[in-house]
Amino acid sequence: MATKASRAAARTMISPAVILLLGWMIIPLSLTIYFSFLRYNLITPTGNPFVGWENYYWFVTDPSFKAAMLNTLVLVGGVLLITVVGGVMFALLLDRPMFGQGVIRIMVIAPFFVMPTVSGLVWKNMFMNPVNGIFGHIAKAFGAPPIDFFGQIPLLSIIIIVSWMWLPFATLIIFTAMQSLDQEQLEAAEMDGAKWPSRFIFIMVPHLSRSITVVILIQTIFLLSIFAEILVTTNGGPGVSTTNLTYLIYVSSLLQFDVGMGSAGGVIAIILANIVAIFLMRMIGKNLDA
Amino acid sequence: MGQIQLNQVSKSFGSVEVIPPLDLTIEDGEFVVFVGPSGCGKSTLLRLIAGLEDVSGGHVTIDGADATAVPPAKRGLAMVFQSYALYPHMSVKKNIAFPLRMAGLGQAAQDKKVEDAARVLNLTDYLDRKPGQLSGGQRQRVAIGRAIVREPAAFLFDEPLSNLDAALRVGMRLEISELHKRLDTTMIYVTHDQVEAMTMADKIVVLQAGVIEQVGSPLELYQRPRNTFVAGFIGSPKMNQIEGPEAAKHDATTIGIRPEHIDISETEGTWKGTVGVSEHLGSDTFFHVQTEASAEPLTVRATGERALGYGDTVYLTPRPDHLHRFDSKGLRLE
Ligand SMILES: Nc1ncnc2c1ncn2[C@@H]1O[C@H](COP(=O)(O)OP(=O)(O)OP(=O)(O)O)[C@@H](O)[C@H]1O
Ligand SMILES: [Mg+2]
């Protein structure tokens with residue numbers, strides 16, 4: 001890709017794909033923006049007058065908006081923390097030679113293949129249910145009162161479920177990076193007098209930082225739009241304690257049939273996602289070049 | 001100080017014995033080269049000394065103290081790896097300072113030592129660069145710098161020059177030899193390049209399949225190889241080895257004669273032959289001559305001016321005082 005000619009050729013070759021993707025993005029985006037300025041409610045068919053920023057005003061001043069923002073933040077942050085720390089630990093474990101290595105590696109990856117709705121339901125009914133769930137049984141076996149996960153710690157429960165689903169992804173990426181670490185570097189550090197914690201901090205973590213960045217970037221994008229797990233477990237409740245931004249938009253447009261309001265929420269979500277993306281790129285994207 | 005002693009040291013990977021029990025003493029201040037073909041266990045032996053591998057049997061003694069169970073960091077040895085093993089995310093300065101930092105040295109003392117090492121190795125201008133921004137030779141020097149600052153009892157080098165081009169290799173070879181003279185520290189150097197071994201070593205250890213074939217000074221090995229393997233391995237081009245009736249004339253199973261110890265004439269000599277390929281190096285010319293003495297063509301060294309064409313008939317005469325004789329087990333006969 002060095003010469004002018006090859007760059008021009010590359011641009012020409014890639015243009016059909018780019019134009020298609022652009023159209024794919026622009027049309028729904030324009031429609032959403034257009035709807036967000038209309039009073040457009042499916043149960044009050046009064047025509048769709050232009051109302052300016054009214055939808056935005058009501059969406060933002062709704063008390064559940066503030067809660068949803070906070071929940072989104074806690075959800076994304078919590079899951080990132082658990083998956084990155086857990087992913088590094090799992091990668092360290094998987095990296096050691098052990099019995100049944102192949103099978104264990106596949107088992108660790110498995111949760112990633114389970115659909116979000118399925119895993120949400122499995123967790124809800126088989127693990128976290130205070131009467132029938134395994135955690136309930138364990139608590140009872142020790143004589144402790146079972147925890148009503150979705151009643152007492154609803155957001156944390158969602159975080160646990162989502163972390164369980166994303167841990168394999170983080171583990172896989174970090175594990176691959178760990179395997180590409182030059183063993184001679186570790187041996188050199190060992191000869192240089194670095195004990196295991198020092199080797200971990202000074203050699204492994206810097207080596208892993210790039211893949212951890214990738215994990216954080218990719219996961220953030222997906223975690224901002226967590227929906228299925230909430231829908232099948234808590235329906236955003238109790239109250240709005242597990243309603244994130246995505247779920248709030250769903251409530252506006254599909255439960256209250258307010259297309260205009262939902263669109264306004266959608267546009268806000270797009271803007272927020274872009275702010276987060278730029279922020280993340282700025283903050284940790286420097287790990288990706290060089 | 002830096003005397004290293006191996007007593008009956010052996011190493012097996014699973015059921016494969018890579019190094020059968022061997023004894024070796026390396027004196028303080030010596031430059032010892034382990035040389036041998038690929039896969040003969042040179043690196044393994046070095047790693048046993050470094051402590052990066054556990055011995056399967058025997059004892060490693062460093063400066064009179066049993067170091068068999070001592071972890072690598074505590075043995076006081078520094079190693080330079082074939083891939084250099086620099087820390088890619090640290091600057092040259094941080095790389096060199098890393099062992100000092102691990103030892104808990106103060107910042108000022110660290111800086112001073114790093115500066116000293118950088119001056120010795122001509123790295124002063126590169127201290128703030130990352131290893132990725134250095135040339136192969138500079139990386140090599142950083143790796144050596146990281147070893148020097150620790151002031152180890154002995155340096156271990158595992159084929160440090162094999163990633164460098166020929167010209168740079170010659171330069172670094174000299175630099176390492178010079179470093180050895182200046183620091184006067186024990187150095188163990190692994191290579192499969194016999195030229196490196198001959199030019200750098202005080203003492204060469206020739207290994208084959210984990211067994212020490214011969215230990216001695218470069219000249220000893222050149223003049224009096226203990227067996228046919230050493231005879232073939234040391235010296236370039238290889239020693240000519242002749243079996244059969246010609247050898248029997250000298251009461252031996254195999255006789256060996258180096259290319260530089262054969263006289264070549266167009267009129268008379270011991271063995272008649274025809275010239276095959278000739279290799280002109282400028283200073284020397286190597287002729288490959290097919291003779292009746294052996295099935296393999298013999299290599300002969302002549303001066304660079306000597307002009308002989310393909311297919312010319314020549315006569316070869318080995319110098320009798322440079323003839324090596326080996327018995328049926330390949331061992332040297334006196
Ligand atoms: N970790 C290991 N597990 C099993 N076998 C090994 C291991 N490390 C080395 N070996 C074997 O031990 C033998 C000696 O290996 P070693 O690396 O010491 O060779 P070497 O002399 O350094 O060769 P080279 O010149 O190619 O570097 C080889 O046959 C190799 O296959
Ligand atoms: Mg080796």
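Predicted, not measured: the structure shown is a model, and the values here were computed from it. Throughout, protein chains are lettered first and strands after them, A, B, ... in sequence-line order, and every chain is numbered starting at 1.
No other option in A/D192, A/I203, A/D182 has as many heavy-atom pairs under 4.5 Å with chain B as A/D192. Taking B/M79, B/K74, B/R150 one by one and counting their heavy-atom pairs under 4.5 Å with chain A, the maximum is reached by B/R150. Most heavy-atom pairs under 4.5 Å with chain A, from the set B/G51, B/P88, B/A103, B/P71: that is B/P88.
Only the side chain of B/R47 comes within contact range of chain A, with heavy atoms under 4.5 Å apart. With a threshold of 4.5 angstrom between heavy atoms, B/L100 does not approach chain A through any atom at all.
A cation-pi geometry, defined here as NZ or CZ lying under 6.0 Å from the six-membered ring centre and within 45° of its normal, holds between B/R146 and B/Y87.
Within a 6.0 Å sphere centred on CG of B/D165, other residues, nucleotides and ligands contribute more than 12 heavy atoms.
Remark: B/K11 does not engage B/E17 in a salt bridge, criterion side-chain N to carboxylate O under 4.0 Å.
Ring orientation note: the planes of A/W166 and A/F222 are tilted relative to one another, at an angle of 30° to 60°.
Considering only heavy atoms from C-beta on, B/T44 comes within 4.5 Å of B/F13 through its side chain.
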